[in-house]
There are 4 protein chains.
Amino acid sequence: MRKHADEASSTKQDRHTELVKIAYHEIVEKGFEGLRIRDVAAKAGVNNATLHYYFRTKETLIHGVVQYLMQEFTTQRIPRENNEESNALNAIRYEFEDMRFRLKSMPEMFTVLAELSLRSRRDAGIAEMMKQTKLGWSHYLRGLLMDGIEQGVIRKSIDVEATIDLIMLQMSAIGYQSVELGYSDGLDRIISLLIVQTERFLTDED
Amino acid sequence: MRKHADEASSTKQDRHTELVKIAYHEIVEKGFEGLRIRDVAAKAGVNNATLHYYFRTKETLIHGVVQYLMQEFTTQRIPRENNEESNALNAIRYEFEDMRFRLKSMPEMFTVLAELSLRSRRDAGIAEMMKQTKLGWSHYLRGLLMDGIEQGVIRKSIDVEATIDLIMLQMSAIGYQSVELGYSDGLDRIISLLIVQTERFLTDED
Amino acid sequence: MRKHADEASSTKQDRHTELVKIAYHEIVEKGFEGLRIRDVAAKAGVNNATLHYYFRTKETLIHGVVQYLMQEFTTQRIPRENNEESNALNAIRYEFEDMRFRLKSMPEMFTVLAELSLRSRRDAGIAEMMKQTKLGWSHYLRGLLMDGIEQGVIRKSIDVEATIDLIMLQMSAIGYQSVELGYSDGLDRIISLLIVQTERFLTDED
Amino acid sequence: MRKHADEASSTKQDRHTELVKIAYHEIVEKGFEGLRIRDVAAKAGVNNATLHYYFRTKETLIHGVVQYLMQEFTTQRIPRENNEESNALNAIRYEFEDMRFRLKSMPEMFTVLAELSLRSRRDAGIAEMMKQTKLGWSHYLRGLLMDGIEQGVIRKSIDVEATIDLIMLQMSAIGYQSVELGYSDGLDRIISLLIVQTERFLTDED
DNA sequence: GATGAATGAGCATTCATTCAT
DNA sequence: AATGAATGAATGCTCATTCAT
């Protein structure tokens with residue numbers, strides 16, 4: 001019960017994160033519909049009033065989950081050397097490969113993402129957080145595409161904005177698919193197809 | 001309240017469908033999470049016990065919605081002459097065009113579809129109904145692809161099964177995208193890109 | 001569906017009795033608490049509104065069950081020759097034997113009787129019907145006791161009214177016991193004991 | 001509302017018992033059929049959700065009532081000196097006297113007992129609790145009878161098991177009778193008759 | 001920081017009853 | 001005589017939230 005002084009400062013943050021993670025996994029299992037403040041508290045081994053001490057409302061907790069997820073999504077990638085990405089076309093392929101990596105190693109992330117996406121329609125807070133993440137992503141892709149054009153590895157004639165959207169849409173599609181059917185060899189093959197298709201699209205003159 | 005003679009015989013069916021349609025729109029607005037039997041009944045102008053007369057449980061009503069949606073999804077397409085589809089490659093493009101048509105004229109359908117997809121993870125009944133529809137769809141696409149190969153308009157070297165999955169995934173992706181951001185010119189452009197990409201994929205030898 | 005003319009007049013009565021009997025068996029299985037107008041109607045193969053045509057309210061139906069039960073209770077006995085009962089002491093023993101007979105051949109009767117007895121506390125109608133039956137029974141026993149005294153087979157010194165109550169209480173006791181534990185050899189032995197005890201009580205001078 | 005310092009620690013237990021007692025009296029008045037969670041809560045002056053805080057389900061509350069009743073039944077007796085019971089025959093008479101005492105001072109107990117007995121047919125939990133109490137009772141009587149035989153105040157020739165059943169049945173009978181007609185002088189007389197009859201049965205060689 | 005107790009508002013479901021046909 | 005449709009009034013139960021301690 002009692003903590004050492006040096007732990008005390010981080011204790012609150014710890015519990016905060018702990019509760020968010022539990023909520024996250026509850027959503028994976030039961031969806032937003034099935035998320036119960038009491039269940040989260042129980043799994044954390046605390047009273048449900050205690051949870052309200054950390055998160056004033058259920059909504060606050062959910063926003064905590066969103067933040068956690070968005071951060072995870074941006075952070076969790078295949079570790080690789082910086083110079084590997086020197087070629088923009090490769091970097092884009094790496095994006096797909098990162099997706100494959102996440103799909104295999106943390107499939108629940110996409111379940112929560114799908115739940116979140118739906119909920120964002122009715123929760124402006126969630127919508128905003130997701131929008132920011134997407135903006136960051138599209139910004140990154142824009143940079144890659146323009147680098148690629150400059151490097152001469154991507155054809156000049158592409159419609160940059162539409163291409164960004166196309167790539168993001170295809171990656172989202174993979175995520176949704178995995179939520180519906182789980183990760184499979186079939187999905188793996190499709191990712192490979194998409195990589196080929198995308199590379200061809202980015203390089204072949206019509 | 002008023003009843004035409006020719007309507008009288010189908011009253012029960014009417015109310016059944018009426019309730020399903022109302023539930024459908026409630027789901028569009030508030031999601032599954034926000035679906036309340038009482039609200040549906042109220043919007044239909046009947047007592048909530050009456051709703052239970054038609055649908056024994058909430059689940060039954062929801063399954064009614066699924067059935068309605070699946071049927072709508074399969075039925076609502078751009079009306080066109082039979083002979084137009086004679087070319088299999090065209091027919092596949094028509095699939096995308098139908099999608100565009102649905103996206104514009106009945107965007108709510110995709111919202112419900114997304115909700116359904118998520119819920120199917122926890123409701124075997126829904127999962128089964130959706131699976132059947134998807135099976136029907138993939139069956140249809142398989143036919144088209146093989147016709148196309150036979151007609152010589154699609155290259156022999158494609159992996160038929162993977163291609164089916166790829167096309168369905170891309171179409172689903174469009175749906176999800178529209179749920180998140182609504183229909184937009186951007187999405188319209190992406191569809192066009194996808195059509196081009198797909199046709200190229202189906203015809204160009206590597 | 002259509003009935004012959006000679007059946008028509010008794011049809012209504014038939015359905016009436018049919019419904020009462022079904023209700024009776026529903027009470028046996030599920031108790032008053034579990035009695036549902038709809039279930040009775042369903043088992044009779046009619047619409048529940050039809051049941052309301054025959055019995056305006058649930059209470060009416062229940063009163064029908066009481067009447068049916070009380071009549072059954074008074075009627076169902078071991079068939080025996082009139083002259084067998086010439087001896088009043090024998091006649092009283094026959095009462096116990098009839099009880100044994102009913103216990104074995106129609107145990108459900110006592111279940112309903114127990115349910116009824118409890119319900120009579122809150123339903124004046126039931127209370128009255130049961131009271132009448134009990135009055136008839138005590139009247140009959142009184143006659144037997146006085147005959148017995150006159151015949152010299154029962155001692156003059158008994159308190160007639162108290163003895164009537166005692167006998168009725170013991171018989172009720174047997175009924176309740178059978179409801180709780182079902183009919184058993186143990187109960188059978190107790191009945192025999194009670195017969196002996198009662199005869200001794202009625203004949204032995206203290 | 002007001003709380004003494006010495007009561008404070010046992011508040012939860014208090015409310016628990018309070019709710020059980022209220023439920024108990026509701027059953028007396030309206031039977032199991034008429035027991036409403038809301039009414040119990042209202043009479044306790046608490047929100048009905050509060051009742052669910054103490055008793056997760058209606059069934060749990062009812063089981064609480066059973067437990068309470070069974071304990072009351074075993075505990076509530078005429079206070080008497082230990083040495084008074086030294087004679088086993090007296091002790092058995094005391095059983096009847098205790099019954100008379102309970103009948104007069106807490107007649108509702110037998111109403112609930114009757115309701116319980118009926119309900120136990122459909123509720124295994126209740127059945128079990130009642131069975132245990134009955135087992136304890138029969139065990140106690142067996143001890144008395146065998147003591148009596150050893151002491152020479154009860155004849156050796158009795159069938160111990162059947163006698164236990166007989167005594168218990170007669171006591172139950174008294175209870176049921178009081179439920180039906182309330183406590184009366186008539187019932188009082190019957191108890192006296194039963195005591196005499198039982199003593200005679202236990203002592204007289206046939 | 002943490003908790004036990006309490007609650008308001010709500011929810012799906014049930015059921016006897018009614019009524020137009 | 002019979003029924004399909006409809007309903008009002010409950011009913012047990014749930015859940016996020018609050019508050020005194």
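Nothing here was measured: the structure is a model prediction, and the numbers come from that model. Per chain, numbering begins at 1; letters A, B, ... match sequence-line order.
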* Whole-Å distance separating the NE2 atom of A:His16 from the P atom of E:dA2 ->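 From A:His16 NE2 to E:dA2 P: 13 Å.
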* How close or far is atom C1' of F:dA1 from atom CG of C:Leu19, stated in whole angstroms? ->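 Taking CG of C:Leu19 and C1' of F:dA1, I get 13 Å after rounding.
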When rounded to the nearest 0.5 angstrom, what is the spacing between [atom1] in [X] and [atom2] in [Y]?
{"X": "C:Leu69", "Y": "C:Leu113", "atom1": "CG", "atom2": "CG", "value": "5.5 Å"}
{"X": "B:Glu115", "Y": "A:Glu115", "atom1": "CD", "atom2": "CD", "value": "8.5 Å"}
{"X": "D:Thr17", "Y": "D:Ile22", "atom1": "OG1", "atom2": "CD1", "value": "11.0 Å"}

For [X], check side-chain hydrogen bond (donor to acceptor under 3.5 Å, both in side chains) against everything at least two apart and list the hits.
{"X": "B:Gln71", "answer": "none"}
{"X": "B:Glu18", "answer": "none"}
{"X": "D:Thr57", "answer": "D:Thr60"}
{"X": "C:Asp123", "answer": "C:His63"}

* Asked: Heavy atom of residues 46-58 of chain D under 4.0 Å from DNA chain F: which residues?
  ->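 Within this stretch, D:Asn48, D:Ala49, D:His52, D:Thr57, D:Lys58 sit under 4.0 Å of the strand.
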* Asked: For residues 114-124 of chain D, which residues have at least one heavy atom under 4.0 Å from DNA chain F?
  ->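 Of all residues in residues 114-124 of chain D, none places a heavy atom under 4.0 Å from DNA chain F.
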* Apply ring-ring contact (aromatic ring centres under 6.0 Å, His included) to A:Tyr24 and list each qualifying residue two or more places apart in sequence or on a separate chain. =>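 With sequence neighbours excluded, A:Tyr24 shows a ring-ring contact (aromatic ring centres under 6.0 Å, His included) to A:Tyr68, given in chain and number order.
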* Asked: Listed by chain and number, what are the ring-ring contact (aromatic ring centres under 6.0 Å, His included) partners of D:His16, not counting sequence neighbours?
  ->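 ring-ring contact (aromatic ring centres under 6.0 Å, His included) list for D:His16, sorted by chain: D:Phe55.
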* Asked: Where are the stems of DNA chain F, defined as at least 3 consecutive Watson-Crick or wobble G-U pairs with both distances under 3.5 Å?
  ->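 Ordered by first number, the stems with DNA chain F (at least 3 consecutive pairs each) read E:2-21 with F:2-21.
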* Can you check whether D:Met129 reaches D:Thr133 side chain to side chain, under 4.5 Å on heavy atoms? ->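 SC-SC contact between D:Met129 and D:Thr133 ruled out.
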* Taking C-beta and beyond as the side chain, do A:Thr111 and B:Arg121 meet within less than 4.5 Å on heavy atoms? ->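 Result yes, sub-4.5 Å side-chain heavy-atom pair found.
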* Asked: Restricting to pairs with a member in residues 54-68 of chain D, which pass salt bridge (Lys or Arg N to Asp or Glu O under 4.0 Å), not counting sequence neighbours?
  ->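 Qualifying pairs, neighbours excluded: none.
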* Between residues 29-43 of chain B and DNA chain E, which residues have a heavy-atom gap below 4.0 Å? ->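 Within residues 29-43 of chain B, the residues near DNA chain E are B:Leu35, B:Arg36, B:Ile37, B:Arg38.
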When the side chains of residues 31-44 of chain D are checked against the rest of the protein, which donor-acceptor pairs come out under 3.5 Å, sequence neighbours left out?
residue, atom, partner, partner atom, Å
D:Glu33, OE1, C:Arg119, NH1, 3.0
D:Glu33, OE2, C:Arg119, NH1, 2.6
D:Arg36, NH1, D:Glu33, O, 3.0
D:Arg36, NH2, D:Glu33, O, 3.3
D:Asp39, OD2, D:Lys30, NZ, 3.4
D:Lys43, NZ, D:Glu26, OE2, 3.0

